[in-house]
Amino acid sequence: MTSSNGLGSWSRAFLLFGATAHAACNGAPAVEIANPARAGLVVLRELRPATATRPSSAFLPAEIFGSGAALLDFDGDGDLDVYLRDPAKNVSGGVGESAGGAVGTAGDRLFRNRWKDDGTLDFEDVSAAAGVGGNGTAFGIAVGDVDNDGDPDVFLTNLGPDVLLENRDGVFARRPGPWNDDSWSAPASFFDADRDGLLDLFVGRYVAFSADGHRPCPGPDTRPDYCGPLSYDPLPDAIYHNLGAGRFEAVVAPLGIGSLRGNALGSITEDFDEDGWLDVFVANDGGDNHLWLNRGGLRFEEQAVIRGLAVNAVGQREAGMGVDMADFDRDGDADLIITHLTGESHTLYVNLGDGTFDDQTRERGLELPSRPRTGFGVGWIHADDDAWLDLLVVNGRIHAISEQRAEGRLWPYGETPQLMLGTERGTFHEGAAGAGDFLERTMVGRAAAFGDLDDDGDLDLVVTDNDGTVLVVENRSRSALPWIGIVPRTGTPPRDALGAGVAAVLDDGSVLTARARTDGSYLSARDPRVLFRLPPGRSLSSLEIRWPSGCAETFPAPAPGSYHVIHQECATDA
């Protein structure tokens, strides 16, 4: 291998396609196996609560936001397991009608992936044995190895004190930290902010809510409904510095992260200005988005307005929920998608290559099909036979749909997911025919965690449904094009190199780029591995990796059709 420095910008080329897993809330789950003959996004499994608790008559805001999901190999056996934030909260809201106490009793759930010899997926509830249970009024989850012992730990965001669970050989134990307050946290991202080999932590805060301060809000039909974020005060976000051995300290900077207030629901880390340091983007619900550029040494500067990411093309603030980044146009830099409220459309910010972005939602064909929906979980995927990235969005309203309310639905907020197929022209069109039963399902979609559950080279999906289910959706959209999986590892013992930028150099000199990460989407954590699908007629010439420490290496082309673990050998450039 040889060292390489001119790697340019990095993005993650997500090859994602649905799978679903859900935890039991009360009693034994009912398991539904979909028709295996169907192709596309197929609901493989559904775990449904035996009984559903009716939402509170007070319309407490925590009820409508759902709870998170993560894909992680918690037991080190090589396949992805499913961690679910308290699924009882999906049907009870997890907040009492008066005092704000917990209603759901199921707690968090952990399902071990028991991949069978015949290639079928099976899941075993190991929550009790793994020490997973009640961890607060559940919202999001972030995954990363905070103590560098080679296994993934989890950070749980809550309405109330957040929780860090340290993974000790497959059993989780609470780790104290400086996040023990009553704030409402939603997104969280692990990344090595200061390039010292330890994962630091960004936590996005939503609004200052308490049961005592709850207020009634009318919906569009003047009947009682859930309040929007502007009904409550915004909160400052937080960043925590990893001191080693699982210990963290809060970073306080007068002009840095924490100096501005917002309504954070989505966060993602990426090198936006191509200076070798990972930055933080925050999607705010109803306010300006924030882009925190990393100036090194845990110093951050907010530049969303300057970089074209604060508002949409006509200067409007939008209701940012889910986020994802990938180089959908294959020009060597990462582009950004944000999901929004009904009437706003989802917004596509195209990277112009100089660290600035342009809202090209309308030009790329995404405005009209997305405007009628409210999007939450989102991911760039490969859903058809070509090598161009597609877009999958999980939808669900936050204000009641009058027709569903008239039908007496418990949660009258259901919508179907959407698949936007990418083309070689860089545009998108809505596609559903032959794409599987998942896209036909009406749900109150919230979290969406993407990952290759069956190691077949396409990404599956775990989706939380605020109507009381969690779905495991298998990607059966096969392609004849070759795929290559990369697992960047660093350190001793080896651990996932979150933040590593990977470039697949093709035989014609073109480059596919991606980034190893677990953050993005909505309240979710994804598969940290990188997947590439090669364009027709192209083969891989070499592989280049820029490691989180700052150094870069070039490797021989690995063989297609499998995952390849690649270890860092170069020293830091920091």
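If you read the sequence from its start, that first residue is 1, and numbering goes on from there. Worth knowing before you read on, the calculation uses all heavy atoms, side chains too, and leaves out hydrogens, waters and symmetry mates.
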Inset, instruction - I would like to know whether W184 and F139 meet ring-ring contact (aromatic ring centres under 6.0 Å, His included); could you show each step before the answer? - result: CA-CA 9 Å; W184 183 346; F139 284 92; 5.2 Å; yes
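- Centroid-to-centroid, the aromatic rings of F428 and W388 stay 6.0 Å apart or farther.
- No more than 12 heavy atoms of other residues, nucleotides or ligands sit less than 6.0 Å from atom CD of E424.
- Using modelled atom types and a 3.5 Å distance limit, the side chains of T356 and R307 yield no donor-acceptor pair.
- With a 6.0 Å radius and a threshold of 12 heavy atoms from other residues, nucleotides or ligands, L255 has its CG atom at or below the threshold.
- For the pair D237 and G204, the tightest heavy-atom approach, listed with the atom from each and the gap, is OD1-CA, 3.4 Å.
- Remark: S267 pairs with P187, S189, F202 by the side chain to side chain contact (heavy atoms under 4.5 Å, CB included) rule, at least two apart or across chains.
- For the residue pair E302/H290, the side-chain donor-acceptor check at 3.5 Å is not satisfied.
- Between R515 and E270, at least one side-chain nitrogen of the basic residue sits less than 4.0 Å from a carboxylate oxygen of the acidic one, meeting the salt-bridge criterion.
- Applying the ring-ring contact (aromatic ring centres under 6.0 Å, His included) rule to pairs touching residues 511-530 yields F376-Y522, sequence neighbours excluded.
- Residues Q418 and S370 have side chains that never bring a donor and an acceptor to within less than 3.5 angstrom of each other.
- The closest side-chain heavy-atom distance from P236 to R205 is not below 4.5 Å.
- A side-chain donor-acceptor contact under 3.5 Å links W547 and E553.
- Of all non-hydrogen atoms in E166 and R175, the two that sit nearest each other are OE1-NH1, 3.5 Å.
- Side-chain atoms of D196 come within 3.5 Å of backbone atoms of L198 as a donor-acceptor pair (strictly under, hydrogens ignored).
- Each of R517, R529, R489 was evaluated against D496; a single residue qualifies, R489, per the salt bridge (Lys or Arg N to Asp or Glu O under 4.0 Å) test.
- A donor and an acceptor atom, one from each side chain of N466 and Y413, are nowhere located under 3.5 Å apart.
- The distance between the ring centers of F328 and W380 falls below 6.0 angstrom.
- For the pair F300/I239, a side-chain contact is recorded, criterion being any heavy-atom separation below 4.5 Å from C-beta on.
- At least one side-chain heavy atom of V350 sits less than 4.5 Å from a side-chain heavy atom of D329.
- In this structure W179 satisfies the ring pair (Phe, Tyr, Trp, His ring centres under 6.0 Å) test together with F155, Y240, F248, sequence neighbours excluded.
- Side-chain atoms of N263 and N284 include no donor-acceptor pair closer than 3.5 Å.
- Within the structure, every pair that satisfies the ring-ring contact (aromatic ring centres under 6.0 Å, His included) test and touches residues 339-362, not counting sequence neighbours, is listed here: F272-F357.
- What you find for R397 and H399 is that their closest heavy atoms are CB-O, 3.4 Å.
- Under a cut-off of 6.0 angstrom, the local environment of CZ in R295 is crowded, with over 12 non-hydrogen atoms contributed by other residues, nucleotides or ligands.
- Under the 3.5 Å distance criterion, with hydrogens and angles disregarded, no donor-acceptor pair is assigned to the side chains of E415 and T374.
- When the side chain to side chain donor-acceptor pair (under 3.5 Å) test is applied to D331, no partner is found at least two apart in sequence or on another chain.
- There is no side-chain donor-acceptor pair under 3.5 Å between R215 and S231.
- N158 and R85 form a side-chain donor-acceptor contact under 3.5 Å, judged by distance and modelled atom types alone.
- By the 4.5 Å heavy-atom criterion applied to side chains, L523 and I141 are not counted as neighbours.
- For D162 and S185, the side-chain atoms include at least one donor-acceptor pair closer than 3.5 Å.
- Atom CG in L260 sits 13.0 Å away from atom CG in L235 (nearest 0.5 Å).
- Looking at every heavy atom in both residues, V444 comes nearest to D465 through N-OD1, 2.9 Å.
- Considering only residues two or more places apart in sequence or on other chains, R261 meets the salt bridge (Lys or Arg N to Asp or Glu O under 4.0 Å) condition with none of them.
- Residues R373 and T416 bring a donor and an acceptor atom of their side chains to less than 3.5 Å of each other.
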